[in-house]
Amino acid sequence: AIAISGKNAPDIALRAEKILRTLSPDHRLDEKSLEELLQRQTDIEKKKVQIRTLRFSAIFVFGILTVFQFSAEWRARGMFAAAKQIENNASEISELITAAEAYERVRQLHPWTIAASNSSKEGERMRALVNKEVTTEKDALISSREEARVQRHSLRKHVENTIEQAKELLKNGSAIEARTLFDQIENYDTDSLPPGLLAEIQYPVVVDSIPAGARILDRDRKFLGTSPVILTPKKGQVLEVFLEKNGCRSRKLKVTSQSVPHLYVSMVRSPERTLSIAEPAQSLAVLGD
């Protein structure tokens, strides 16, 4: 028994040695062999203790890792659900980018979770969707800019032709028709037109007097002509003129781009001379033309 169990089971060998010593003390083991068995038993006990310690430590570490993994998985799933909610509510490219970043954040913070694996796939899908949307919007922007450029060019050409036609009509004395063409330009979107072109726009006003033939002077008393006279104020410009006619009171007039195309000015008649009415007749005087 001692020979069989000495190395693998020293406790059995020690019990066998004890029985042998009891039955036949002369056949007991020597001290060296007994010490070897005891040492072997001690080593085996230490190994068992170490194995139990390692096993307990492994179980403990595994439990900690399991709890940590479960906690990380729970947090990752929460972040994944939040990212999915952001994606579902996204309607603009900036919101799609936010959703993609939310998916990528799950992978960065909890890389060893199942949710991180799913988030990685979703993040790649969102990035591809964002790139597609950006490309589509970029193409649409380029197309809209090109269309706007063509429209601006067409509008400029149309306005230039309208101004040339109006100037030709104005040169031929057709001020009312020219004013109609100039007024049409007001209906266009002129923000894209160059300032130099807009400066050429005039608003002809035919100043006529009743009775006709009034002399028209500017603010510096420079003779402009006899009514009817065509004035061409520009937008925002105010022209001050004076109308004078023998036998009528002079009139001061302001003409702007908002004035009617054909402006009739009634001249109030005034006597060429004034007389002093005798005091007894003043109560019977009648003032008129």
Side-chain angles (χ1 to χ4, degrees), residues 4-13 39-159 187-195:
I4 293 174
S5 61
K7 294 182 178 180
N8 299 325
D11 56 333
I12 298 176
Q39 184 63 38
R40 182 63 180 169
Q41 176 66 19
T42 303
D43 294 340
I44 290 177
E45 292 294 334
K46 287 182 179 180
K47 286 183 179 181
K48 289 182 179 180
V49 172
Q50 291 176 356
I51 291 173
R52 285 197 299 269
T53 303
L54 291 175
R55 188 177 298 172
F56 176 79
S57 300
I59 294 174
F60 179 78
V61 171
F62 178 77
I64 294 295
L65 292 177
T66 302
V67 172
F68 178 78
Q69 181 68 19
F70 179 80
S71 177
E73 186 70 38
W74 180 76
R75 291 194 298 270
R77 288 183 180 276
M79 295 178 65
F80 179 79
K84 180 65 71 174
Q85 185 66 27
I86 295 174
E87 178 188 355
N88 294 335
N89 297 332
S91 59
E92 298 180 358
I93 294 180
S94 59
E95 296 174 346
L96 294 177
I97 294 175
T98 302
E101 292 176 347
Y103 284 126
E104 293 170 353
R105 194 175 299 111
V106 177
R107 183 181 58 187
Q108 294 172 357
L109 297 179
H110 308 287
W112 306 109
T113 59
I114 299 176
S117 177
N118 297 332
S119 295
S120 179
K121 297 178 182 178
E122 293 295 328
E124 293 175 358
R125 180 181 61 82
M126 290 301 300
R127 286 297 180 183
L129 180 61
V130 168
N131 292 335
K132 181 180 179 180
E133 291 293 332
V134 169
T135 302
T136 303
E137 185 169 330
K138 184 179 179 180
D139 294 341
L141 181 60
I142 293 175
S143 177
S144 63
R145 286 181 176 177
E146 181 63 21
E147 183 179 355
R149 187 190 66 80
V150 173
Q151 290 179 354
R152 289 195 301 269
H153 181 73
S154 176
L155 176 62
R156 180 173 179 175
K157 287 296 182 182
H158 180 67
V159 171
N187 298 325
Y188 304 144
D189 184 9
T190 58
D191 293 339
S192 61
L193 298 178

Looking only at heavy atoms, which two atoms of Thr113 and Ala76 are closest? And how far apart?
OG1-CB, 3.6 Å
Calculate, to the nearest 0.5 Å, the distance between atoms CD and CG belonging to Gln50 and Leu54 respectively.
7.0 Å
For Glu45, look at atom CD and say whether over 12 heavy atoms of other residues, nucleotides or ligands are found less than 6.0 Å away.
yes
Per the side-chain contact (heavy atoms from CB on, under 4.5 Å) rule, which among Thr136, Thr135, Leu141 passes with Asp139?
Thr135
Spacing of Glu147 atom CD and Ser143 atom OG [to the nearest 0.5 Å]:
6.0 Å
Side chain of Ser154, backbone of Val150: donor and acceptor closer than 3.5 Å?
no
What are the two closest non-hydrogen atoms of Glu73 and Ala115, and how far apart are they?
OE2-N, 3.1 Å
Less than 4.0 Å between a side-chain N and a carboxylate O, is that true for Glu124 and Arg127?
no
Considering all heavy atoms, the nearest Asn89-Glu95 contact:
O-OE1, 3.6 Å
With rounding to the nearest 0.5 Å, note down the distance linking CD in Glu137 to OG in Ser144.
9.5 Å
Do Lys84 and Glu122 come close enough that some side-chain heavy atom pair is under 4.5 Å?
yes
Look up atom CG in Asn131 and atom CE in Met126, then write down how far apart they are to the nearest 0.5 Å.
11.0 Å
Spatial distance of atom CD (Gln108) from atom CD (Glu101) [nearest 0.5 Å]:
9.5 Å
Tell me whether Ile114 at atom CD1 has more than 12 heavy atoms from other residues, nucleotides or ligands lying less than 6.0 Å away.
no
Which distance, rounded to the nearest 0.5 Å, do you find between the CD of Glu133 and the CD of Glu92?
11.5 Å
For the residue pair Ser119 and Tyr103, what are the closest heavy atoms and their distance?
CB-O, 3.4 Å
